[in-house]
Asker: 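Supplied in structure tokens, the structure appears directly below.
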Amino acid sequence: MNEPALIEVDAIVTRFGAKVIHDGVGFQVKRGELVAIVGGSGTGKSVLLREIVGLLRPTGGRVRLFGEDVWRAGDVVLAQLRTRFGMLFQDGALFSSLTVAQNVAAPLVEHTRLAPARIDALARLRLAMANLPPDAANKMPSQLSGGMRKRAALARALALEPELLFLDEPTSGLDPIAARAFDRLVRSLADDLGLTIVLVTHDLDTLFSIVDRVIVLAEGRVIADGPVAEVRRVDNDWIRSYFSATAAERA
Amino acid sequence: MAFPGKRMTPDAASRWFRLEQVSAGNVLYAMGDWRLASLPAIDAALAGAGVAKALVSEIDGSALTGLDSAGALALLLLLGRDTAGDGAAGLLNFNETRRDIINLVRPHLDAVRLAPARSQQGTLGHVGRSAGHVFVMVRDHVRFLGLTLMELVKVVARPTRLRTRELAQQIGQCFVNAIPIVVLLMFLIGMVLTYLLALVTEPYGAGLFVVDGVTVGVCREIAPILVAILVAGRSGAAFTAELASMNLREEVDAIAVLGLSPFQVLVLPRLLALTVALPLLIFVGDVAGIFGSMVLARPQLDLSYATYIERTAAALTPRQVIIGLAKAPLFAAAIAVIACHMGLAAPREARAVGISTTSTVVQSIVAVILIDAALAILFAKLGW
């Protein structure tokens with residue numbers, strides 16, 4: 001099947017003042033893939049994510065989501081696009097004035113005409129799918145632990161049945177057990193709901209356990225793009241030291 | 001076939017489903033695209049046909065064109081509670097992908113069905129709870145004041161513990177930077193009062209006594225109250241916001257772990273700075289108010305500056321000024337204790353910074369006015 005790519009990033013250039021962050025970044029993501037973007041600190045991984053979802057305008061280049069040019073699309077088209085993907089921010093970004101259930105319900109309240117009882121049921125379903133206990137629903141975000149906040153935020157990102165999900169450092173700040181559980185959750189979403197997932201991470205375990213493809217950013221460009229097993233063999237200083245960080249433990 | 005009425009009939013149907021009665025119960029033939037986007041229409045059709053979940057014993061998915069987890073949830077909730085629990089019970093002719101989605105949703109049905117626990121709270125309960133909160137808050141403020149005074153005693157015993165750098169910095173913030181706004185405010189108030197009193201005294205030809213009214217009024221009551229309220233909004237809000245966000249970022253804990261006392265590092269400098277700053281600001285306000293009045297008295301009352309000053313010297317006794325200034329430390333202590341306490345006791349969340357800051361301003365202003373009223377009664381009884 002020759003379906004066009006869900007995400008097309010083409011020759012992205014980003015400059016903050018004189019500082020060049022991206023100097024022609026390009027890649028594609030096809031439907032159903034689980035892709036990780038990795039790179040050292042300051043290589044603009046999170047910036048790239050914000051440019052893809054339409055939060056930050058790149059200096060140059062083009063981003064297409066579902067075939068629509070994000071930075072040429074009008075407000076109406078962009079709003080429509082945004083109901084088709086979900087985003088998980090690094091620290092969850094749950095609305096602190098709403099309960100967890102209200103947080104998850106917020107996109108449904110805004111974008112659908114469903115009755116309150118149905119919205120409530122859907123919010124509870126999302127929370128349960130994100131492995132949160134039922135009694136978390138009526139808590140405030142501040143009463144949750146870091147791992148639970150991430151799950152709640154994931155439930156909110158899933159509220160509108162998105163086809164595409166962006167995760168910004170999903171396992172950062174979690175203990176190893178919670179991080180692996182979160183990884184399994186993400187993988188099961190990709191498998192069971194057929195979601196396309198793009199995540200930014202530092203976590204090698206995430207790469208080795210759940211990711212289909214790795215995109216490595218360095219020096220403002222994509223220096224490697226492929227399955228983990230291939231990428232780790234690429235002859236590059238950063239890649240070598242990145243993968244050797246835990247190679248000894250793995251051996 | 002169209003289904004017109006709202007009453008349940010054995011064979012209900014719509015664009016989204018067809019209901020057929022068989023010997024074992026009712027079979028719902030789900031049709032079309034059961035996804036989130038069409039769920040409002042599906043819900044409306046279900047409600048219109050009066051399909052209650054107890055009525056459906058089996059669901060046939062052969063006519064579905066699409067299904068997502070929201071649609072799957074809607075279908076499963078139509079099935080009776082007993083059949084929904086296990087395996088593929090009650091579901092006919094679902095293809096493999098759709099069965100996967102159903103299986104994804106099915107384990108969570110109990111969590112979904114759990115009735116949301118809403119707290120029932122009437123008006124009376126709300127009033128009672130609020131009163132309780134006020135009581136606890138006042139009690140905690142008093143406790144905080146006690147802790148602060150104990151730390152103050154320690155510092156008095158060993159003055160080297162006083163954080164002079166923080167103190168100087170806070171005095172700069174609370175006093176020096178507040179002078180322009182105090183001068184502007186009191187200058188205008190002095191003018192407004194003069195204008196008002198001139199209006200009242202003019203028919204009696206008692207224009208000269210405007211000076212008495214304004215100078216005594218400004219020094220004894222108006223400058224202390226207005227400047228204290230200004231400081232509550234300015235420094236009080238700043239204290240709470242600073243301390244609450246330090247608390248949020250665990251800076252307060254870091255201070256304690258370094259073996260320092262948060263009271264000595266954070267609270268005492270602010271309390272002392274405000275206690276020093278407020279009387280000084282009130283004095284600045286006194287002068288600015290009288291000056292504003294004097295400037296307006298010449299055109300409005302035909303009083304020369306010399307006459308005005310002469311009359312002020314006769315009317316305004318030192319006692320009036322001192323009473324005005326003597327209230328200041330009390331106001332300052334109330335504002336500082338409330339502000340620091342609200343800041344340090346703020347919950348560790350971003351929203352709490354704003355809520356605590358607002359609360360500090362309201363509480364400080366109420367406290368200032370309560371103290372002032374109590375002192376006014378006291379001074380009246382003492383005949384001062």
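Only heavy atoms go into these numbers, but all of them, side chains included; no hydrogens, no water, no symmetry mates. The chains referred to below are lettered A, B, ... by the order of the sequence lines, with proteins before strands, and numbering in each begins at 1.
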Asker: Under a 4.5 Å cutoff for heavy-atom pairs, which residue among A:R126, A:M140, A:H111 has the most contacts with chain B?
Answerer: A:R126
Asker: Find out whether A:R118 and B:I42 are in side-chain contact, i.e. whether some heavy atom of one side chain is under 4.5 Å from a heavy atom of the other.
Answerer: no
Asker: In the structure I gave you, are the side-chain heavy atoms of A:L114 and B:L36 within less than 4.5 Å of one another anywhere?
Answerer: yes
Asker: Does the side chain of B:L73 come within less than 4.5 Å of A:L122's, by heavy atoms?
Answerer: yes
Asker: For A:A137, is it the side chain, the backbone, both, or neither that has a heavy atom closer than 4.5 Å to a heavy atom of chain B?
Answerer: neither
Asker: Within a 6.0 Å radius of atom CG on B:L124, are there more than 12 heavy atoms belonging to other residues, nucleotides or ligands?
Answerer: no
Asker: Does the A:R113 side chain pair with the main chain of B:P40, one donor and one acceptor, at a distance under 3.5 Å?
Answerer: no
Asker: May I ask you to check whether over 12 heavy atoms, not counting those of B:R139, lie within 6.0 Å of atom CZ?
Answerer: yes
Asker: Report yes if some heavy atom in the side chain of B:H108 is under 4.5 Å from a heavy atom in the side chain of A:R124; otherwise report no.
Answerer: no
Asker: Heavy-atom cut-off 4.5 Å, strictly under: side chain, backbone, both or neither for B:A74 against chain A?
Answerer: both
Asker: Relative to chain B, which segment of A:A136 carries a heavy atom at a distance below 4.5 Å: side chain, backbone, both, or neither?
Answerer: neither
Asker: Can you tell me which portion of A:L160 sits under 4.5 Å from chain B's heavy atoms? Options are side chain, backbone, both or neither.
Answerer: both
Asker: Does a side-chain heavy-atom distance below 4.5 Å link A:D120 with B:V112?
Answerer: no
Asker: Kindly compute the distance separating CG (A:L189) from CG (B:L104), expressed to the nearest 0.5 Å.
Answerer: 7.5 Å
Asker: Could you check whether any side-chain heavy atom of B:R348 comes within less than 4.5 Å of a side-chain heavy atom of A:S142, counting everything from C-beta outward?
Answerer: no
Asker: Any side-chain to backbone donor/acceptor pair from A:E161 onto B:S69? Under 3.5 Å, distance only.
Answerer: yes
